[in-house]
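Here is how names work: the chains are called A, B, and so on, in the same order as the sequence lines, proteins then strands, and each is numbered from 1.
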Amino acid sequence: MNTTKRTLKISNTLSGKKEVFTPLHEGFVGMYVCGPTVYNNVHLGNCRTFTSFDIIYRYLLHLGYRVRYVRNITDVGHLTDDGEDRMAQGARINKIEPMEVAQKYTLDFHDMMRTLNNLPPSIEPRATGHILEQIEMVQRILERGYAYERNGSVYFNTRKFAQENPGVYGRLSGRVLDELMAESRSNLKSQDEKDHPADFALWMKARPGDLMVWKSPWSVGFPGWHLECSAMSTKYLGQTFDIHGGGGDLKFPHHENEVAQNHGACGCAPARYWIHTNMLQLNGAKMSKSEGNYITPEQLFSGDSPLLSKAYSPMVLRYYFLQAHYASVLDMTDEGLLAAEKAYRKMMEVNKILQQLPADTTVYDGSESEHDRAILRHIEEAYEGMDDDFNTAIALAHLNELSSYVHKIANQQIPLNDVSPWVIERLKATFRAFLFDIFGLKDETESANGSDLVEGLMALILDIRANARAQKDWATSDKIRDALAALGIAVKDGKEGATWTRI
RNA sequence: GGUAUCGUGGCCGAGUGGUUAGGCACAGGUCUGCAAAACCUGCUACAGCGGUUCGAAUCCGCUCGAUACCUCCA
């Protein structure tokens, strides 16, 4: 793929519009995505968010861009309702070091990303590894007059910033600072040492008992949650870069404050395009542990939940995500997962059939048949779907249309010589590119068949059954089929003999 | 309470001022010893009520419902 040949459009949540994507430096893309806070096992909603960005990353790569994809690990500064650091809370409860908590759940997160076949980012910086950069950024913001120190803590002066930089604060989230003030007066909380409710912490002075603390010019303490992303995106992608992404729940205050910090430190905007992914619901409502409307990724993969009729594989989950646009709320249901499972398996089967189609490259005469044109149109429309704000649902719909052509060709409902060999080759390449490179799917149906030993045994069993069938010994034939079914193996009788798959 | 987004056929879900999205399920058919699988065909919806328009599911208003966010924390 050549980047110059396609026009990519991105819904930029900063402008609220769909815009043509033009990178800062031709051929290169810098993308920052807010990663997980590693204080707990990864949530299904996180799986959707990071899979959405993985597909965006993969499509940019497919278009030929050289992408630097930075996704952080938050291992300090993200506080709980009670003002305790999430890592420290985990450490206190489990009587271990905060870094053990971070390590444990970072590994868990990486395992899940691998399971879902998400590509690793180019750089995965940790907040605790960039304390110096964060302190320097606070200093710059102080020097430029947009922050103040109070009892060893440093706060961002949101009102001053908003007054001197009209149109910046609130642009991303649609908030109006005056309204924020008005709202907060009614439920003002007394513990604030900030000048103004809209101000937020850049540096927090440690309280007695805080475990994760560092020295700074202001106090022994720790950085504010919003600061790490500003400091690390600047360090690895520059003051201004192409794309900043994250879950929609981070838009305010996290991303709004990030923008303010970057402006405050350098007088310029961080990202030119902001992408926000949407939430994952379960049975029409938000996932909630306390309401019982909740499943973990592990439960999904094991089927161990009253909300599920069976286990679903990671690739079925990925396919489920692909069926919706990343910016839409996606509702997960058992019935929907069953549908996705079936559709995913069919897609993999169709691809196998397609890749085995003969291609006689000698009869190319430069002509285009009606079928050629229809196939090429669907291929183009699949790409146009991806170009239009990474619309995987549209792309998938056209692959399904193409699947029908593959079956018709394989069944000879469409004679093979009615389709030009170069179109067949193009079709094969399109399926490989979309399924594996762009969508990031893996063919689990193939690997699920198992070892050479199993393959050999199955070939033998099916051979014996074929002999029985040839002699119309249906009792033996059905006995084998039923016994295999009981073991979770489905036998499919086709014209060219029997094949098998795991159920 | 405020701000924002959304509400599509049995289910999931794209899209959109006038044209079949797609998948699953379902029904009929082909194939088959039977079944399964596979394939073909069918299934035309946009929360409710008003308004704008030659024409709206798509624009506007209201109502109801869902979700997100609401300033270290929600």
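- Aromatic ring centroids of A/His226 and A/His255 lie 6.0 Å or more apart.
- For A/Tyr383 and A/Phe434, the distance between ring centers is under 6.0 angstrom.
- Using bins of under 30°, 30° to 60° and over 60° for the plane-to-plane angle, the ring pair A/Tyr59/A/Phe390 lands in the perpendicular bin.
- With 3.5 Å as the limit, one finds a donor-acceptor pair spanning the side chains of A/Asp75 and A/Thr128.
- Put simply, CG on A/Leu337 is 11 Å from P on B/G13, counting in whole angstrom units.
- A/Lys251 comes within contact range of no nucleotide atom at all, as no heavy-atom separation falls under 4.0 Å.
- Remark: the separation of the P atoms in B/G15 and B/U41 is 26 Å, to the nearest Å.
- Classified by interplanar angle (parallel below 30°, tilted 30° to 60°, perpendicular above 60°), the ring pair A/Tyr155/A/Tyr148 is tilted.
- Separation of the C1' atoms belonging to B/A14 and B/G23 is 11 Å when rounded to the nearest angstrom.
- One cannot find a donor-acceptor pair under 3.5 Å joining the base of B/G13 and the side-chain atoms of A/Ser328.
- Stem list for RNA chain B (at least 3 consecutive Watson-Crick or G-U pairs, distances under 3.5 Å): B:1-7 with B:64-70, B:10-12 with B:22-24, B:26-30 with B:38-42, B:47-51 with B:59-63.
- A donor-acceptor contact under 3.5 Å is formed by the side chain of A/Arg481 with the base of B/A35.
- Nucleotides B/A56 and B/A45 have their P atoms positioned 15 Å apart, rounded to a whole Å.
- Regarding A/Ile489, its CD1 atom lies at a distance of 17 Å from the P atom of B/A37, rounded to whole Å.
- Applying the 3.5 Å distance criterion, the base of B/A35 shares no donor-acceptor pair with the side chain of A/Asp478.
- Rounding to whole angstrom units, NZ of residue A/Lys479 and C1' of B/A35 are separated by 19 Å.
- Atom C1' of B/U67 sits at a distance of 44 Å from the matching atom of B/G29, rounded to the whole Å.
- Remark: A/Lys9 is not positioned above the aromatic ring of A/Phe21, lacking an NZ or CZ atom under 6.0 angstrom from the ring centre and at most 45 degrees off the axis.
- Comparing B/C12 with B/G18, their C1' atoms sit 28 Å apart, to the nearest whole Å.
- Note on A/Ala397: a base of the nucleic acid sits closer than 4.0 angstrom, heavy atoms only.
- Residue A/Ala285 places its side chain closer to B/U67 than to any other of B/U67, B/G23, B/G15.
- Within the structure, side-chain hydrogen bond (donor to acceptor under 3.5 Å, both in side chains) contacts touching residues 280-289 of chain A (residues at least two apart or in different chains) are A/Ser288-A/Ser290.
- Comparing atom distances between the A/His226 side chain and each of B/G33, B/C73, B/C11 picks out B/C73 as nearest.
- Using modelled atom types, one finds no donor on one side chain facing an acceptor on the other under 3.5 Å when comparing A/Trp274 with A/Thr13.
- B/U67 atom C1' lies 14 Å from atom CD of A/Glu291, rounded to whole Å.
- Counting any heavy atom pair closer than 4.0 Å across all strands shown, A/Leu330 reaches sugar-phosphate atoms only and no base atom.
- Both tests pass for A/Lys310 against the ring of A/Tyr312: distance under 6.0 Å to the centre and angle within 45° of the axis.
- Along RNA chain B, the nucleotide closest to A/His325 and the one closest to A/Ala393 are compared, and the more 5′ of them pairs with A/His325.
- The only member of A/Glu380, A/Arg377, A/Glu381 that meets side chain to side chain contact (heavy atoms under 4.5 Å, CB included) when paired with A/His398 is A/Glu381.
- Residue A/Tyr320 is in sugar-phosphate contact alone, with no base atom involved, counting any heavy-atom pair closer than 4.0 Å across all strands shown.
- Atom pair A/Leu250:CG and B/U67:P shows a separation of 19 Å (rounding to whole Å applied).
- Using a 4.0 Å heavy-atom criterion, one finds that A/Glu341 contacts no nucleic acid atom at all.
- Side-chain proximity of A/Lys286 to B/G33, B/A68, B/G23: nearest is B/A68.
- Taking atom C1' in both B/G42 and B/U3, one finds a spacing of 47 Å when rounded to whole Å.
- Distances from the side chain of A/Trp474 to the nucleotides B/G23, B/G33, B/G15 place B/G33 closest.
- Taking the nucleotide of RNA chain B with the nearest heavy atom to each of A/Asp388 and A/Trp225, the more 5' of the two is matched to A/Asp388.
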What's the verdict on salt bridge (Lys or Arg N to Asp or Glu O under 4.0 Å) for A/Glu349 and A/Lys352, showing C-alpha distance, side-chain angles and the deciding distance?
-> CA-CA 5 Å; A/Glu349 284 298 316; A/Lys352 273 190 219 165; 3.8 Å; yes

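- Between A/Phe200 and A/His254, the distance separating the two ring centers is not shorter than 6.0 angstrom.
- No more than 12 heavy atoms of other residues, nucleotides or ligands shown are found within 6.0 angstrom of NZ on A/Lys479.
- Between B/A25 and B/C11, the distance separating the two P atoms is 15 Å to the nearest Å.
- Regarding A/Tyr169, its OH atom lies at a distance of 11 Å from the P atom of B/C70, rounded to whole Å.
- Nucleic acid contact class of A/Glu256 (heavy atoms, under 4.0 Å, all strands): none.
- For the contact set between residues 9-17 of chain A and RNA chain B, defined by any heavy atom under 4.0 Å, there are no members.
- Of the candidate nucleotides B/C12, B/A21, B/G23, B/C12 has the atom nearest to the side chain of A/Asp331.
- Residue A/Asn278 contributes atom CG, which lies 16 Å from atom P of B/C12 at whole-angstrom precision.
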Extract all donor-acceptor atom pairs below 3.5 Å that involve side chains of residues 467-475 of chain A and protein atoms in other chains or at least two apart in sequence.
unit_1   : atom_1 : unit_2   : atom_2 : d
A/Asp473 : OD1    : A/Thr476 : N      : 3.2
A/Asp473 : OD1    : A/Thr476 : OG1    : 3.2
A/Asp473 : OD2    : A/Thr476 : OG1    : 2.5

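- Taking the C1' atoms as reference points, B/G48 lies 16 Å from B/C6, given to the whole Å.
- Distance from the side chain of A/Phe252 is smallest for B/C69 among the nucleotides B/C69, B/C73, B/G33.
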Detail all sub-3.5 Å separations between protein N/O atoms and N/O atoms belonging to nucleotides 38-40 of chain B.
unit_1 : atom_1 : unit_2   : atom_2 : d
B/C39  : OP1    : A/His407 : ND1    : 3.0
B/C39  : OP1    : A/His407 : NE2    : 3.0
B/C39  : O2'    : A/Gln413 : OE1    : 3.0
B/C40  : OP1    : A/Ser404 : OG     : 2.9

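- The list of salt bridge (charged side-chain N to carboxylate O under 4.0 Å, His left out) pairs with a residue in residues 387-402 of chain A, not counting sequence neighbours, reads A/Arg6-A/Asp387, A/Lys18-A/Asp388.
- The distance between atom OH of A/Tyr319 and atom C1' of B/G23, rounded to the nearest whole Å, is 6 Å.
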